[in-house]
Protein chains: 2
Amino acid sequence: MPTLADVAREAGVSKATASRALMRPDMVAAPTLERVRSAAERLDFQPNRAARALTTGRTGMIGLIVPTLANPFFAPLVLGAQRAAEETDSLLLLTVSEYDARREAALADRIADQVDGLVMVAPVGTDRALRERARHRPLVLVDRKVGRLPSVVLDTAQGTSELVAHLLELGHREIAYVSGPPGSWADARRRDAMRAQTEAAGARLHVLGPLPPTFDAGIEAVGALPEGVTAAVAYNSYLALGLLHGLEAAGIKVPGEMSIAAADDLTTLAATTPSVTALGVPVEEAGRLAVVRLLEICAGPRRTVADRLPTAVHPRDSTAPPRRP
Amino acid sequence: MPTLADVAREAGVSKATASRALMRPDMVAAPTLERVRSAAERLDFQPNRAARALTTGRTGMIGLIVPTLANPFFAPLVLGAQRAAEETDSLLLLTVSEYDARREAALADRIADQVDGLVMVAPVGTDRALRERARHRPLVLVDRKVGRLPSVVLDTAQGTSELVAHLLELGHREIAYVSGPPGSWADARRRDAMRAQTEAAGARLHVLGPLPPTFDAGIEAVGALPEGVTAAVAYNSYLALGLLHGLEAAGIKVPGEMSIAAADDLTTLAATTPSVTALGVPVEEAGRLAVVRLLEICAGPRRTVADRLPTAVHPRDSTAPPRRP
DNA sequence: CTGAAAGCGCTAACAC
DNA sequence: GTGTTAGCGCTTTCAG
């Protein structure tokens, strides 16, 4: 491994100049710059990150904590974050908290001093813990808001109320919300938004749950759908798939006897029979933006940013007017 | 942030002794050890990893490259790897190659000098590139073998031939293999194993593909199933789900007219109608073991290890005897 | 615009 | 067993 000293010698300059040429090209005369660059090229010089980190205090790594990878929902999030990191020559340190606040805290502590900042998808866990963490390192929250902490939220609250509007328009008046994990920040927002929307229309929202956001839970939820309900919105795709399956097993026609919709949109939803009406969510963009914001914060003064990403209703075959009694 | 010097002063010893006490407790007298430990505790001392990396040449990080996260198949792999890393106080640097050999190479180059070693899930890409990479850094391959490079393989070749045995036993004689991504190492192994198994039994294997391992490709594959075939094994769960859906749409009964099985086992396969016979694969264990092996290699002499993890057929409702003509 | 020199925090020889 | 010393490779004052 060639070092900066090698490059400097090869270019016939001092280490300081070599360093400047590579880091701050505008601080160096054009011909010198060229010499250093070509020397670095020739030697295939890769700066030693540890050494750089030691002097600058910046590691060039950013931490990303997600609750799980078992749900493909997070795949584009990670991808978006990785792409954004690549563009600035940063690296992603990824950890999975498994929806466990204690584990999340332990992991965050463990990596905090190795990264320049942290992007966290932390649906559960206390505001306090997140606030505290933000005091030490730059922190960007995804799909959650805590006070004035920087955040990127997928506006599924707005989205679910559009989903409800879609159902109301079809004529539904008794709508169920099959809600997600207990304590989920986004879940509570959606519930509130849907409630407001239904009540304003003189309709009724029946909340089931909280439920684990799984296929199986969706199946079981079918038994708990209140009498008279003609449409159900599920917290996520898995619950919706479970509903679909459970309804089929129970001999209840979709959308004839029951309309269903999901508040996110895994690709399989478009391919089921019937295809499932869902909320398109810019997940990759959220990952990308979170990293961009984090790097802004690392660079400049700690501005407060709160981005809100719009979602879009994808109407499909699982929603239709209720059967007239 | 307190440094080792602070700890040393607080404990009334030299930096060297403090360092030894923390790193090699057995090289230090018991009372000294105690003093240093309590000093470190009191100050909440966290060693600076960059500094340590600079002197030791070891970063305490290991790289993990996976082709995608959109397939939940890889979730337990990452989790297993992360758990193993945690246990040795290492950190995981995760990157996603998106099944793109060029991207994979670029990412590997980028992180190579930041990690002590690399675990790669590299189903595509050339042997040569992997061999070359292994010359620079310790490398453990997952689900692929290249010469004598250390590897952890999920023995789905053996597994698929057991799947075929299961089908043969049911009476099938014309079996299709709906194969996976072009150039996939594991796919080729499975194909060979299944071919051998069918031919030995005087039956026939019809290979479809290569195909992208997706739900949609599975649907389309239905149209390509040769006349006379009564059972199909799919490269993965998505293809199998696609088959199931496509067959249903085509009015072909499963398992009455066509048996299907998958060569991996996402949880949804157990919950479809009918549930799908599949190959249980110890994915989390593979992730764990790969990291363990990597750390062994980093520590000791570069031994050649090749682990082969057994899989298990999970018979479900999608396989049954063929309809007698 | 460039060079010399200091030092980031830690570990590893090498003495004592 | 413990302390002293010398760097690891880089960035950054500070002079020139």
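- Scanning DNA chain C 5' to 3' for nucleotides with an atom closer than 4.0 angstrom to a non-hydrogen atom of chain A gives a first and last hit of C:dC1 to C:dG9.
- Listed by first then second residue, pairs satisfying salt bridge (charged side-chain N to carboxylate O under 4.0 Å, His left out) with a partner in residues 39-68 of chain B read B:E10-B:R42, B:R49-B:D89, B:R58-B:D116, not counting sequence neighbours.
- Sorted by residue number, the members of residues 30-58 of chain B with any non-hydrogen atom under 4.0 Å from DNA chain D read B:T32, B:L54, B:T55.
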Applying salt bridge (charged side-chain N to carboxylate O under 4.0 Å, His left out) to B:E86 and A:R110, what does each step give before you reach the verdict? CA-CA 9 Å; B:E86 262 171 61; A:R110 171 71 181 77; over 6 Å; no

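- Put simply, the side chain of A:R135 never gets that close to the backbone of A:R131: no donor and acceptor are under 3.5 Å apart.
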Expected list for residues 285-292 of chain B: side-chain donor-acceptor pairs under 3.5 angstrom, two or more places apart:
{"residue": "B:E285", "atom": "OE1", "partner": "B:R288", "partner atom": "NE", "Å": "3.0"}
{"residue": "B:E285", "atom": "OE2", "partner": "B:R288", "partner atom": "NH2", "Å": "3.1"}

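- A salt bridge links B:R144 with B:D127; the closest basic N to acidic carboxylate O contact falls under 4.0 Å.
- With respect to the salt-bridge test (charged N to carboxylate O, under 4.0 angstrom), the residues B:R133 and B:E104 do not qualify.
- Residues passing the side-chain contact (heavy atoms from CB on, under 4.5 Å) test with A:S151, sequence neighbours excluded: A:L141, A:K145, A:V153, A:A306.
- For A:N48, there are no side chain to side chain donor-acceptor pair (under 3.5 Å) partners at least two apart in sequence or on another chain.
- The stretch residues 7-26 of chain A touches DNA chain D through A:K15, A:A16, A:S19, A:R20, A:M23, A:R24, each having a heavy atom under 4.0 angstrom from the strand.
- Remark: A:T3 pairs with A:A5, A:D6 by the side-chain contact (heavy atoms from CB on, under 4.5 Å) rule, at least two apart or across chains.
- By the side-chain contact (heavy atoms from CB on, under 4.5 Å) test, B:D100 pairs with B:R102, B:R103, sequence neighbours left out.
- Computed from C1' positions of five pairs at each end, the angle between the two local axes of the helix from C:dC1-D:dG16 to C:dC16-D:dG1 equals 30°, rounded to 10 degrees.
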Just distance, no hydrogens or angles: give the donor-acceptor pairs under 3.5 Å from side chains in residues 24-35 of chain B, sequence neighbours left out.
{"residue": "B:R35", "atom": "NE", "partner": "B:A11", "partner atom": "O", "Å": "3.1"}
{"residue": "B:R35", "atom": "NH2", "partner": "B:A11", "partner atom": "O", "Å": "3.1"}

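- A search for side-chain contact (heavy atoms from CB on, under 4.5 Å) contacts involving A:P67 returns A:F74, A:S97, A:Y99, A:V121, A:P123, not counting sequence neighbours.
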